Amino acid sequence: MADVELVPDGAFRFRIPRGEGMRVPGVVFASAELLPDVAGDQALQQVVNVATLPGIVGASYAMPDVHWGYGFPIGGVAATEPDAGGVISPGGVGFDISCGVRLLAAHCGSESLAPRLRQLMDVLSARVPRGPGRGGIWTLRRAELGEVLTGGARYPVEHGRGVARDLVRCEDGGVLAGAAADEVSERAVDRGLGQVGSLGSGNHFLEVQKVQKVYDERAAQVMGLGEGQVCVMIHCGSRGLGHQICTDHVRTMDRAMDRYGIRVPDRQLACVPADSAEGRSYLAAMAAAANYARANRQVLGDTARRAFAEVMHCPVDLVYDISHNMAKMETHTVDGRERRLCVHRKGATRALPARHPELPDDLAAVGQPVLIPGTMGTASYVLAGVEGGGAWHSTCHGAGRVRSRHRAAREVDGRRLREDLEAAGVVVRGSSARGLAEEAPLAYKDIDAVVRASEGAGLCRRVARLVPLGVLKG
DNA sequence: ATGTCC
């Protein structure tokens, strides 16, 4: 495969000119220091491949944390126009549908938590299911799961797991419209029955963190964050249910593409017109998985809240909950005309600017919170959406992997890593040595550099930097 | 990411 041509195009921005088969150019948001990593794998070729999809509008975008993924790169953003034959592709959402982050702010400071941190982590460790395949806090009957699939975070709130205000601080009010439980296969349902309230594995985590630095006082205040404050960050998704839905629909679309006359340069880009029967079926199942993920994070957040009430006797408020693996129908102005677009964000986060109508009143003053989970033992960030933005109001989602799990496990001693973290004052609970090694910081890009590049590219602005006090991993 | 192969 020929090298992808990258042309510098302003601050923190590179352009991939339209080549054969590309319907739009590629745009890569990155700093020069991040680029060698970006170019080191197949991610840029994937940006080019996405640019060939029917109905794609604007450009095939890559965020500064872009890396190789299934079909689409992780850190990729692509909008298609259904009214012009635009497609929907499960590869543009990812296997972990609606994987995302929930951030909660505790009404306590890190000094008051310090003497009880180990006790708190023990309580959380005992109550938060994690690891591959493990059960969840809830085991549901099929009818109950059906309500989760259409009700999202609202279902746990209505069943004593949360307060009404939680829903105001969730993307879409905690419920993604258009979900259809009957579009979710029996097999996906079976996998989902026992996993609501579970973290999963890999880079998913629950961390107790403290706000180490505030960059934007006003936004931080509106979001309920101040320096020294204790927070809980939860990073997880739709578990086996979302994975099964992706698997089911990739197979269906792979078989259906011919009938729609669609050819793609990589079979992993399987797609169909968004307004076709298969497209609508996927979007309804995807929305159901999104609601499952939101309910999952709601139950986990409520569990953390209860642990804080018991150990610290302090309230915990939801700051925000947002996904970074989703396709959404959105209205954007393109060439002076309002158009309905299907925006794929895979390892990319929506970042609405201040005064956007979808924001709740208080957040409308400062912009939508963007939650960026860092790598274990490193920093995480709270960002905010800004005006302009170059990619349908999107920004980065995390550090971005640069070494395979396999290679990281080979190069890192998990036990040693745990010892180093503990020596640095970070309490680590219940993680396998191999799991720790696979998620070692050296396997990821520098989160500070990713966030600087995202801000420099005009995609977002920094609000606060968070550092871990305690880590719970699968 | 994922009952890391039905």
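These numbers come from the heavy atoms of this one structure, side chains and all, not from hydrogens, waters or symmetry mates. These numbers were taken from a predicted model, which means no experiment stands behind them. Here is how names work: the chains are called A, B, and so on, in the same order as the sequence lines, proteins then strands, and each is numbered from 1.
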Peer 1: Could you check whether A/Gly202 gets within reach of a base, just the sugar-phosphate, or nothing at all, counting any heavy atom under 4.0 Å?
Peer 2: sugar-phosphate
Peer 1: Is the phosphate of B/dT2 approached by A/Ser201 (side-chain N or O, under 4.0 Å from OP1 or OP2)?
Peer 2: yes
Peer 1: Atom CZ of A/Arg187 to atom P of B/dT2: distance rounded to whole Å?
Peer 2: 16 Å
Peer 1: Whole angstroms only, please: what is the CD-P distance between A/Gln195 and B/dA1?
Peer 2: 15 Å
Peer 1: Of the non-hydrogen atoms in A/His324 and A/Thr349, which two are nearest, and what is the gap between them?
Peer 2: CB-OG1, 3.7 Å
Peer 1: According to the interplanar angle, ranging from 0 to 90°, do the rings of A/His67 and A/His397 count as parallel (below 30°), tilted (30 to 60°) or perpendicular (above 60°)?
Peer 2: parallel
Peer 1: Below 4.0 angstrom from OP1 or OP2 of B/dA1, is there any side-chain N or O of A/Asn325?
Peer 2: no
Peer 1: Roughly, in whole Å, what's the span from CG in A/Asn203 to C1' in B/dT2?
Peer 2: 13 Å
Peer 1: Return the minimal non-hydrogen interatomic distance between A/Val232 and A/Ala304, and the atom names on each side.
Peer 2: CG1-CB, 4.1 Å
Peer 1: Rounded to the Å, how far apart are A/His204 NE2 and B/dT2 P?
Peer 2: 6 Å
Peer 1: Atom CE of A/Met326 to atom C1' of B/dA1: distance rounded to whole Å?
Peer 2: 16 Å
Peer 1: Would you say B/dT2 has OP1 or OP2 under 4.0 Å from some side-chain N or O of A/Arg239?
Peer 2: yes
Peer 1: Within this structure, what is the NE2-to-P distance between A/His243 and B/dT2, rounded to whole angstrom?
Peer 2: 8 Å
Peer 1: Could you tell me how far apart A/Arg405 (CZ) and B/dA1 (C1') are, to the nearest whole angstrom?
Peer 2: 7 Å
Peer 1: At 4.0 Å (heavy atoms only), tell me whether A/Gly240 reaches a base, stays on the sugar-phosphate, or touches nothing.
Peer 2: sugar-phosphate
Peer 1: Measure from CG on A/Asp248 to P on B/dT2 and round the result to the nearest Å.
Peer 2: 16 Å
Peer 1: So, are A/Arg280 and A/Glu183 salt-bridged, with charged N and O less than 4.0 Å apart?
Peer 2: no
